[in-house]
Number of protein chains: 2
Amino acid sequence: MSHTLGIRQAQKQKTRQALLDAALGLLEEQSLSSLGLREVTRAVGVAPTAFYRHFRSIADLGVALVEEALGSLHPMIRTTVATTDDSDQRIQRAVELIAGHVSEYPAHVRFIARERHGGVQPVREAIRDQLARFAEEVRAELAKDAESEGWSDDDLLMLAHLYVDQMLITASLFLEAMEATEEDREHVEQVATRQMRLISIGRHHWLD
Amino acid sequence: MSHTLGIRQAQKQKTRQALLDAALGLLEEQSLSSLGLREVTRAVGVAPTAFYRHFRSIADLGVALVEEALGSLHPMIRTTVATTDDSDQRIQRAVELIAGHVSEYPAHVRFIARERHGGVQPVREAIRDQLARFAEEVRAELAKDAESEGWSDDDLLMLAHLYVDQMLITASLFLEAMEATEEDREHVEQVATRQMRLISIGRHHWLD
DNA sequence: TCATCCAGTTAACAACTGTTCTCTGGATTT
DNA sequence: AAATCCAGAGAACAGTTGTTAACTGGATGA
């Protein structure tokens with residue numbers, strides 16, 4: 001139950017969101033470490049000093065963007081992994097889900113791919129933490145699976161990280177393919193599906 | 001057979017290398033898109049305008065750094081994949097080789113990881129091209145393997161990309177672990193080895 | 001030996017940056 | 001109704017940026 005905000009708080013949140021949106025837009029053709037505070041406020045149409053009412057620095061804004069881009073993704077990942085029908089169909093659904101997310105939030109995906117190893121430490125750490133949470137959640141779901149009998153928790157987490165990294169690679173490839181032909185996009189989908197399948201086969205025979 | 005350079009050419013190459021080295025150093029705590037031309041020349045101790053004698057722009061310098069970081073790596077990758085003894089030992093050697101390379105050229109590894117999805121298009125493209133070459137070379141080596149009988153070229157390339165991406169992920173993890181404890185570094189090595197092994201198991205049962 | 005070349009220098013430019021302090025006027029609270 | 005609050009504006013700061021033009025002086029080639 002969220003309390004209704006006053007006019008003042010509402011307007012403040014609106015400006016804050018405008019700053020985040022403008023920053024995300026400007027980051028399509030540069031990195032966070034070269035993004036200027038004035039550049040962002042100029043794009044919003046607000047005085048440079050207004051920035052400080054919302055963020056301590058550009059790095060601070062970057063951390064907020066990480067939360068916006070990844071924070072709401074946890075339930076989605078959970079339910080996708082949790083689906084316990086035929087393995088091949090599960091993979092295909094996962095790949096389609098990634099493709100859909102990339103075409104709906106391309107700027108968010110680009111931001112995460114770019115800043116995961118980017119030049120701003122607090123942002124790198126925020127992304128690392130979120131991805132570690134993803135891996136842990138995937139591990140927990142995998143543990144429920146019948147196929148995980150006899151697996152150590154360490155190995156399950158190892159596999160979960162493999163899946164999470166593969167998701168990011170796939171998302172990044174879909175992003176690159178967005179401005180390519182439909183044929184190229186289908187090729188990316190096919191390769192991603194096969195890579196996931198190969199990993200799943202490795203998982204199936206891990207205990208042999 | 002390299003012809004001996006005149007004093008002039010030699011001095012020019014020396015300055016050019018100093019610019020590359022200084023840039024690589026400065027890039028440890030920022031991205032290429034925020035690196036300034038004056039910043040680099042200041043670090044070398046040379047006038048800003050001297051920069052233009054060697055590079056058209058910072059992006060141009062970035063492309064040269066990609067060549068420096070990845071260009072000499074092709075024979076190394078080839079011979080590593082080509083080694084045809086026991087599979088588990090091959091994986092362990094590959095991981096050790098990555099660890100060695102990271103501790104010998106950490107700045108190069110950081111640069112590639114950072115700019116692969118970074119904000120400078122020509123640099124992204126240069127890295128993409130080099131990695132595609134790696135994948136193609138790995139595919140060619142895998143094709144010679146007895147285990148690759150019955151595999152399509154498409155599937156071999158799919159697997160090769162999986163290996164190349166896994167190498168990069170592993171290298172990036174070793175880099176992060178460089179300032180951590182010996183225990184952490186061993187953990188990274190163990191996880192990377194197991195992930196490679198799982199992929200190899202998937203490869204072994206791919207045609208079932 | 002002498003004319004040419006060219007890597008690096010010097011000086012200057014307009015434009016940009018993050019941050020400070022002071023102020024304003026509408027929303028909020030008393 | 002009056003007092004307080006606070007998001008955003010405005011002006012000014014010292015310092016930075018990429019790029020230009022004209023130069024210097026040692027290496028080079030005739």
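On a predicted model such as this, the values are computed, not experimentally measured, just so you know. Numbers restart at 1 for each chain; the letters A, B, ... are given by sequence-line order, proteins then strands.
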Under 3.5 Å, is there a donor-acceptor pair between the [X] and [Y] side chains?
| X | Y | value |
| --- | --- | --- |
| A:Gln130 | A:His74 | yes |
| B:Ser34 | A:Ser34 | no |
| B:Ser200 | B:Tyr163 | yes |
| B:Gln190 | B:Gln195 | no |
| B:Thr80 | B:Arg90 | no |
| B:Gln166 | A:Gln166 | no |

Review point. C:dT9, C:dA7, D:dG8: which one has an atom nearest the side-chain heavy atoms of A:Thr15?
Key: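 Looking only at side-chain atoms, A:Thr15 lies closest to D:dG8.
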
Please write out each protein N/O paired with an N/O of nucleotides 18-20 of chain D under 3.5 Å, distance rounded to 0.1 Å.
unit_1: D:dG18; atom_1: OP1; unit_2: B:Leu37; atom_2: N; d: 2.6
unit_1: D:dG18; atom_1: OP2; unit_2: B:Leu37; atom_2: N; d: 3.4
unit_1: D:dG18; atom_1: OP2; unit_2: B:Arg38; atom_2: N; d: 3.0
unit_1: D:dG18; atom_1: N7; unit_2: B:Arg38; atom_2: NH1; d: 2.5
unit_1: D:dG18; atom_1: O6; unit_2: B:Arg38; atom_2: NH1; d: 2.9
unit_1: D:dT19; atom_1: OP2; unit_2: B:Tyr52; atom_2: OH; d: 2.6
unit_1: D:dT19; atom_1: O5'; unit_2: B:Tyr52; atom_2: OH; d: 3.3
unit_1: D:dT19; atom_1: O4; unit_2: B:Arg38; atom_2: NH1; d: 3.3

**Study point:** A:Ile201 vs B:Ile201, side-chain contact (heavy atoms from CB on, under 4.5 Å): CA-CA, chis, key distance, verdict
**Key:** CA-CA 8 Å; A:Ile201 293 174; B:Ile201 293 173; over 6 Å; no

How long is the line joining [atom1] of [X] and [atom2] of [N], in whole Å?
| X | N | atom1 | atom2 | value |
| --- | --- | --- | --- | --- |
| B:Gln11 | D:dA27 | CD | P | 10 Å |
| A:Phe55 | C:dG18 | CZ | P | 15 Å |
| B:Lys14 | C:dG8 | NZ | P | 11 Å |
| B:Leu26 | D:dT16 | CG | P | 14 Å |
| A:Phe51 | C:dG18 | CZ | P | 9 Å |
| A:Arg53 | C:dC21 | CZ | C1' | 12 Å |
| A:Gln13 | D:dG8 | CD | C1' | 17 Å |

Review point. What pair of heavy atoms forms the shortest contact from B:Phe111 to B:Leu24, and how long is it?
Key: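 In terms of heavy atoms, the two residues are closest at CB-CD1, 3.9 Å.
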
Exercise for review: Can you see which heavy atom on B:Ala177 is nearest to which on B:Val188, and at what distance?
Suggested key: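 Looking at all heavy atoms of both residues, the closest pair is CB-CG2, 4.0 Å.
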
**Study point:** Results of salt bridge (charged side-chain N to carboxylate O under 4.0 Å, His left out) for A:Arg133 - residues two or more places apart only
**Key:**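 Only A:Glu137 meet the salt bridge (charged side-chain N to carboxylate O under 4.0 Å, His left out) criterion with A:Arg133.
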
Exercise for review: Convert the base pairs of DNA chain C into dot-bracket notation, remembering that pairs crossing earlier ones are written with [ ] and that bases paired across to another strand are shown as |; include only Watson-Crick or G-U pairs under 3.5 Å.
Suggested key: ||||||||||||.||||.||||||||||||

Exercise for review: Using the side-chain contact (heavy atoms from CB on, under 4.5 Å) rule, pick out the option among B:Arg53, B:His54, B:Lys14 that qualifies with B:Leu19.
Suggested key: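 Of the listed options, the one satisfying the test is B:His54.
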
Review point. Per the side-chain contact (heavy atoms from CB on, under 4.5 Å) rule, which among A:Val138, A:Leu70, A:Val164 passes with A:Ile77?
Key: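 Result: among A:Val138, A:Leu70, A:Val164, A:Val138 is the only option passing the side-chain contact (heavy atoms from CB on, under 4.5 Å) with A:Ile77.
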
Check your understanding: How many angstroms lie between atom CZ of A:Arg114 and atom OG of A:Ser33, to the nearest 0.5 angstrom?
Key ->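 The CZ atom of A:Arg114 sits 11.0 Å away from the OG atom of A:Ser33.
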
Practice item. Only counting residues at least two apart or in another chain, list the ones meeting ring-ring contact (aromatic ring centres under 6.0 Å, His included) with B:Tyr105. Key: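 Here the qualifying residues are B:His101, B:His108.
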
Exercise for review: Spell out protein contact along nucleotides 24-30 of chain C as letters: B when the base is contacted, S when just the sugar-phosphate is, - when no protein heavy atom is under 4.0 Å; keep the 5' to 3' order.
Suggested key: --BBS--

Check your understanding: Are B:Arg42 and D:dT17 close enough that a side-chain N or O sits under 4.0 Å from OP1 or OP2?
Key ->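 Affirmative; the distance criterion is met.
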
Exercise for review: Give, ordered by number, those residues of residues 118-125 of chain A having at least one heavy-atom distance below 4.0 Å to an atom of DNA chain C; if nothing qualifies, reply none.
Suggested key: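 Contacts with DNA chain C under 4.0 Å: none.
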
